[in-house]
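Let me begin by presenting the structure, written as structure tokens, before commenting on it.
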Amino acid sequence: MPKKDKYHDQVKNALIKDGWIVIADPYQIKYKDAQLFADLALEKPIALKKDHNKIIVEIKSFLSPSPMKDFEMALGQYILYRNLINLTEPEYKIFLAIKDTIYQNFFLRDSIQDVLKINQLFLIVVDVEKEVVLQWIN
């Protein structure tokens, strides 16, 4: 079982406040000989559905001295999970959940914005102190 991210519970609480129901914590991704664990799987009741109602969320804190190194690892993990989820549970969309300050201080850089567009990364920006979702980016 993977170790929980530092902001795991805050992000989970923010998503629950946003109307999501946690259906797996962690969510097992199993495909052929691969077995991995994403942080959360959630569903939104049909009555609250806007765009999609099933999501997988991978939470990343970016706590190392190098946000670029953390981004390299998060991007690789995100792409791997997205590919395996597309093969096994294509009705799910995968999101990377990050703290608002790392979004402001790192993800808004021009080079990172270009990488996000090329790789079609979906983000959830969370205020972890208030435990609220600030922004969905997809």
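Quick note: numbers below take in every heavy atom, side chains included, and nothing from hydrogens, waters or symmetry partners. Residues take their numbers from the sequence shown, with the count starting at 1. Here the structure is a predicted model, which is why all the values come from computation and not from measurement.
- Here the side chains of Tyr7 and Val126 are not in contact, with every heavy-atom distance at 4.5 Å or above.
- Applying the salt bridge (Lys or Arg N to Asp or Glu O under 4.0 Å) test to pairs two or more places apart or on separate chains, none has a residue in residues 101-126.
- Residues that satisfy the side-chain hydrogen bond (donor to acceptor under 3.5 Å, both in side chains) test with Lys12, not counting sequence neighbours, are Asp25.
- Classification of the Trp136-Phe95 ring pair by plane angle, with boundaries at 30° and 60°, yields perpendicular.
- Evaluation of the side-chain hydrogen bond (donor to acceptor under 3.5 Å, both in side chains) rule for Glu131 yields Asn13 as partners, not counting sequence neighbours.
- For the residue pair Gly19 and Pro45, the shortest heavy atom distance occurs at O-CD, 3.4 Å.
- Counting all heavy atoms, side chain and backbone alike, Ala74 lies closest to Lys60 at CB-CG, 3.9 Å.
- For Phe106, the ring pair (Phe, Tyr, Trp, His ring centres under 6.0 Å) partners are Phe71, not counting sequence neighbours.
- Contact check for Leu15 versus Val22: no side-chain heavy atoms found under the 4.5 Å cut-off.
- With a 4.5 Å cut-off on side-chain heavy atoms, Leu96 and Leu121 count as touching.
- Once rounded to the nearest 0.5 Å, the distance linking CD of Gln77 with CG of Leu36 reads 8.0 Å.
- Applying the side-chain contact (heavy atoms from CB on, under 4.5 Å) test to Thr101 and every residue at least two apart in sequence or in another chain returns Lys99, Asn105.
- Legend: salt bridge (Lys or Arg N to Asp or Glu O under 4.0 Å) pairs involving residues 65-88, not counting sequence neighbours, sorted by first then second residue: Lys69-Glu72.
- Residues Leu108 and Gln113 are in side-chain contact: their nearest non-hydrogen atoms beyond the backbone lie under 4.5 Å apart.
- To the nearest 0.5 Å, atoms CD1 (Ile85) and CD1 (Ile56) are separated by 4.5 Å.
- Side-chain contact between Tyr31 and Asn83 is absent, with no heavy-atom pair separated by less than 4.5 Å.
- Between the NZ atom in Lys130 and the CD atom in Gln10 there is a gap of 15.0 Å [rounded to 0.5 Å].
- When the side chains of ILVMFWY residues are joined at heavy-atom separations under 4.5 Å, either directly or via intervening members, Leu80 and Leu116 end up in a single hydrophobic cluster.
- Taking CE from Met68 and CD1 from Ile112, the interatomic distance works out to 4.0 Å, rounded to the nearest 0.5 Å.
- Note that NZ of Lys93 is 11.0 Å distant from CD1 of Ile55, once rounded to the nearest 0.5 Å.
- Note that CZ of Phe107 and CG of Asp100 are 12.5 Å apart. Values are rounded to the nearest 0.5 Å.
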- How far apart are the C-alpha atoms of Val57 and Asp39, what are their side-chain angles, what is the distance that settles it, and do they pass the side-chain contact (heavy atoms from CB on, under 4.5 Å) test? CA-CA 6 Å; Val57 177; Asp39 290 317; 5.7 Å; no
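- The side-chain contact (heavy atoms from CB on, under 4.5 Å) test applied to Lys30 returns Gln28, not counting sequence neighbours.
- Annotation: side chain of His8 is in contact with side chain of Leu40 (closest heavy-atom distance under 4.5 Å).
- When the shell of 6.0 Å around NZ of Lys17 is examined, it contains more than 12 heavy atoms from other residues, nucleotides or ligands.
- The 12-atom threshold is exceeded at CD of Gln35, counting heavy atoms of other residues, nucleotides or ligands nearer than 6.0 Å.
- A heavy-atom distance below 4.5 Å is not found between the side chains of Asn53 and Glu43.
- The ring pair (Phe, Tyr, Trp, His ring centres under 6.0 Å) test applied to Tyr81 returns no partner, not counting sequence neighbours.
- Here Asp9 pairs with nothing under the side-chain hydrogen bond (donor to acceptor under 3.5 Å, both in side chains) rule; sequence neighbours left out.
- With sequence neighbours excluded, the residues forming a ring pair (Phe, Tyr, Trp, His ring centres under 6.0 Å) with Tyr92 are Tyr27, listed by chain and number.
- Applying the side-chain contact (heavy atoms from CB on, under 4.5 Å) rule to Ile137 yields the partners Tyr103, Leu123, Val125, Gln135; only residues at least two apart in sequence or on another chain are considered.
- A donor-acceptor pair under 3.5 Å is formed between the side chain of Tyr78 and the backbone N or O of Ile94.
- In plain terms, the two heavy atoms of Leu84 and Ala34 that are nearest each other are CD1-CB, 4.3 Å.
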